[in-house]
Amino acid sequence: MRNIVIIGNGISGVTTARHIRKHSEDNITIISAETEHFFSRTALMYIYMGHMKYESTKPYEDFFWEKNRIDLVYDYVEQIDFKNKKLQLKQSENISYDVLVLAVGSKSNKFGWPGQDLKAVQGLYSYQDLENMEKYSPTTNHAVIVGGGLIGIEMGEMFHTRDIEVTFLVRESSFWNNVLPPEESEMVNRHIVKHGFNLKLESEITEILDDGNGRANGVKLKDGGELDAQFVGLTVGVSPNIDFLKDSELDINRGIKVNEYFETNQPDVYAIGDCAEFQKAPAEDRKPIEQVWYTGRMHGETLAQTICGNRTAYQPGIWFNSAKFLDIEYQTYGQVTNVPDENTEEHFYWEHKKGEKSIRLVFHKEDKTLKGVNLMGVRYRHEVCDKMIRDHWTMKKVFQNLKEANFDPEFFKRYEDELVGMYNERYPNEAVKLGRKKVLGLF
């Protein structure tokens with residue numbers, strides 16, 4: 001039997017271990033220095049807010065690992081000897097491997113600001129980040145969050161549940177407008193301010209100030225101003241957590257370079273999840289580094305097949321993602337860029353008069369097939385949106401069957417009629433009538 005060692009107990013590493021065990025009797029070891037057991041990283045905010053306990057965020061009971069013959073090592077890997085296939089650990093004895101899976105995740109970005117390593121300056125990624133937020137919250141009156149993304153929104157919402165004032169400092173002219181089109185980004189701006197947050201756009205820090213005891217006490221701004229703050233959240237993205245591999249024989253760029261089988265340049269060594277960087281993007285609408293929960297799960301499922309003898313290339317399918325901007329749920333499918341291309345795309349954008357719901361449908365201009373969908377405050381079925389894009393549904397077919405996509409709860413108001421009205425006004429000679437909902441009868 002082979003010794004299969006996985007470094008990292010996040011969704012990618014654990015999924016790999018579980019799926020290998022389904023098809024193999026090999027020895028499996030998972031090493032992690034973050035927590036002893038796998039937990040749902042997306043639930044960190046709910047622990048802080050008192051909605052869940054840490055124990056409730058563990059998808060598997062503690063006895064699961066022994067029952068499935070998966071050994072857990074709670075330690076930090078300091079060095080990897082790829083030639084002799086050995087791992088040097090900080091506290092435990094060295095471990096030998098036949099197959100090594102690197103699933104070491106991400107770390108919060110820092111950009112060399114003076115004071116960035118002070119106490120109460122951090123991101124929100126690891127369980128240790130949560131512990132530090134708990135530690136510093138009782139003595140924090142004002143938190144400054146640097147960056148305008150999904151993690152920043154979560155951190156801000158967490159502080160607000162403790163009545164801590166929050167100021168977002170966003171370099172761009174609108175919140176997350178490097179991802180969202182202008183209308184959706186402006187909607188988020190309004191929503192943030194409505195919920196009592198301070199939002200400073202086109203604002204950058206130059207320094208994080210020290211209180212004299214090694215803790216953050218404020219920030220200096222590029223425009224010369226200063227803000228008092230007892231906590232500084234750094235939410236300007238994440239990057240692969242690979243510093244301990246920088247001087248190794250591993251081929252590294254921003255992440256660990258892999259092919260479509262997650263193979264690195266070292267024999268029997270694979271990389272998956274946030275730390276992996278594809279030498280060639282796996283699909284037209286995908287980036288070389290994928291740092292999303294569900295893609296990490298797919299990485300693990302795919303790699304397990306290869307390790308168990310069924311060599312399988314990664315095929316990600318249609319891009320999707322979902323999140324929340326405070327009370328506004330966000331979903332996206334396919335390709336929706338932040339800057340619409342009028343030469344190659346045709347957009348249908350509807351926004352509710354109250355400004356907290358919107359639907360955007362993006363079509364290829366040349367053949368009028370669906371390219372992408374953005375939803376704010378409205379839910380659509382994943383399987384329907386995926387099928388519409390994957391099967392190249394035409395504009396007319398999409399609008400005729402739009403009710404199939406809606407996934408809002410019963411008695412919620414539907415807005416597909418208004419979208420169909422927009423289409424009929426634009427194309428009166430090809431007018432359509434919205435079909436009756438068939439409850440997934442299309443499939």
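Side-chain atoms of Q88 never come within 3.5 Å of backbone atoms of Q79 as a donor-acceptor pair (strictly under, hydrogens ignored). Checked by atom type and distance alone, the side chain of E186 never pairs as donor or acceptor with a backbone atom of S174 at under 3.5 Å. Side chain of N259 to backbone of F262: a donor-acceptor contact under 3.5 angstrom is found. Counting only distance, with no hydrogens or angles, the side chain of D210 and the backbone of G212 share a donor-acceptor pair below 3.5 Å. Between the side chain of S185 and the backbone N or O of F175 there is at least one donor-acceptor pair closer than 3.5 Å. Of the possible donor and acceptor atoms, none in the side chain of K107 sits under 3.5 Å from a partner among the backbone N and O of N241. At distances below 3.5 Å, at least one donor-acceptor pair connects side-chain atoms of D129 with backbone N or O atoms of Y125. The closest donor-acceptor contact from the side chain of R215 to the backbone of Q230 lies under 3.5 Å. Q116 places a side-chain N or O within 3.5 Å of a backbone atom of W113 that can act as its donor or acceptor partner. Side chain of E207 to backbone of P114: no donor-acceptor contact under 3.5 angstrom is found.
Proximity of Y74 to Q91: side-chain heavy atoms (C-beta onward) are nowhere separated by under 4.5 Å. Looking at heavy atoms from C-beta onward, V398 lies in side-chain contact with L402 at the 4.5 angstrom threshold. Within the 4.5 Å cutoff, the side chain of L169 has heavy atoms near those of the L227 side chain. Two residues are said to be in side-chain contact when any heavy atoms from C-beta on lie closer than 4.5 Å; V77 and V104 fail this criterion. Within the 4.5 Å cutoff, the side chain of R171 has no heavy atoms near those of the V236 side chain. Two residues are said to be in side-chain contact when any heavy atoms from C-beta on lie closer than 4.5 Å; V269 and I80 fail this criterion. Side-chain contact check for E183 versus S358: every heavy-atom pair is 4.5 Å or farther apart. Residues T302 and Q305 are not in side-chain contact: their nearest non-hydrogen atoms beyond the backbone lie 4.5 Å or more apart.
The number of heavy atoms from other shown groups lying within 6.0 Å of NZ (K110) is above 12. Heavy-atom neighbours of K58 NZ from other residues, nucleotides or ligands within 6.0 Å: above the threshold of 12. For Y136, the OH atom sits in a packed shell: over 12 heavy atoms of surrounding residues, nucleotides or ligands are nearer than 6.0 Å. More than 12 heavy atoms of other residues, nucleotides or ligands lie within 6.0 Å of CG in D223, so this atom counts as buried by the packing criterion.
Using the six-membered ring where Trp is involved, F320 and Y294 have ring planes that are parallel, under 30° apart on the 30 and 60° scheme.
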*asked:* Would M422 and F399 count as a side chain to side chain contact (heavy atoms under 4.5 Å, CB included) here? Give the steps.
replied: CA-CA 10 Å; M422 292 172 63; F399 281 103; over 6 Å; no
*Determine, stepwise, if the pair H37 / Y127 fulfils ring-ring contact (aromatic ring centres under 6.0 Å, His included).*
CA-CA 11 Å; H37 297 100; Y127 186 73; over 10 Å; no
*side chain to side chain contact (heavy atoms under 4.5 Å, CB included) between N3 and T29: does it pass, once the steps are laid out?*
CA-CA 8 Å; N3 289 326; T29 302; over 6 Å; no
_Please evaluate residues R162 and E134 with respect to the criterion salt bridge (Lys or Arg N to Asp or Glu O under 4.0 Å), reporting the C-alpha separation (whole Å), side-chain torsions for both, the decisive distance (0.1 Å), and the verdict._
CA-CA 10 Å; R162 308 264 179 111; E134 288 281 8; 3.0 Å; yes
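In this model, a donor atom of one side chain and an acceptor atom of the other lie less than 3.5 Å apart for S137 and Y48. Residues N68 and R21 bring no donor and acceptor atom of their side chains to less than 3.5 Å of each other. With no hydrogens or angles considered, no side-chain donor-acceptor pair links N177 and E172 at under 3.5 Å.
With rounding to the nearest 0.5 angstrom, the CD1 atom of I289 is 7.5 Å from the CG atom of N253. One finds the CG atom of L375 at 6.0 Å from the CD1 atom of I359 (value rounded to the nearest 0.5 Å). Distance CH2/W393 to OG1/T369: 13.0 Å, rounded to 0.5 Å. For the atom pair CH2 of W293 and OG1 of T42, the computed distance is 7.5 Å after rounding to the nearest 0.5 Å. Atom CG in D251 sits 7.0 Å away from atom CD in Q279 (nearest 0.5 Å). Rounding to the nearest 0.5 Å places CD1 of I272 at 10.5 Å from CD1 of I256.
In this structure, E131 does not pair ionically with K135, as no charged nitrogen and carboxylate oxygen lie closer than 4.0 Å. The existence of a salt bridge linking E404 and K387 is excluded, since no basic side-chain nitrogen approaches an acidic carboxylate oxygen closer than 4.0 Å. Comment: E356 engages K194 in a salt bridge, judged by a side-chain N to carboxylate O separation of less than 4.0 angstrom. The pair K365-D341 does not count as a salt bridge, with every side-chain nitrogen at least 4.0 angstrom from each carboxylate oxygen. We find that R190 and E351 are joined by a salt bridge, their nearest charged nitrogen and carboxylate oxygen being less than 4.0 Å apart.
Taking the six-membered ring where the residue is Trp, the centroids of W350 and F348 are separated by 6.0 Å or more.
A side chain to side chain contact (heavy atoms under 4.5 Å, CB included) with L234 is found for one member of L124, N109, V144, V121 and no other, namely V121.
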Enumerate donor-acceptor pairs with a distance under 3.5 Å from any side-chain N or O in residues 323-334 to protein atoms, sequence neighbours excluded.
from : atom 1 : to   : atom 2 : distance (Å)
D327 : OD2    : H195 : NE2    : 2.7
E329 : OE1    : R379 : NE     : 3.2
E329 : OE2    : R379 : NE     : 3.2
E329 : OE2    : R379 : NH2    : 2.8
Q331 : OE1    : Y380 : N      : 2.9
Q331 : NE2    : Y333 : OH     : 2.9
Q331 : NE2    : Y380 : O      : 3.3
T332 : OG1    : V373 : O      : 3.4
T332 : OG1    : N374 : OD1    : 2.8
Y333 : OH     : Y380 : O      : 3.4

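For F197, the ring pair (Phe, Tyr, Trp, His ring centres under 6.0 Å) test picks out H160, F168, with sequence neighbours left out.
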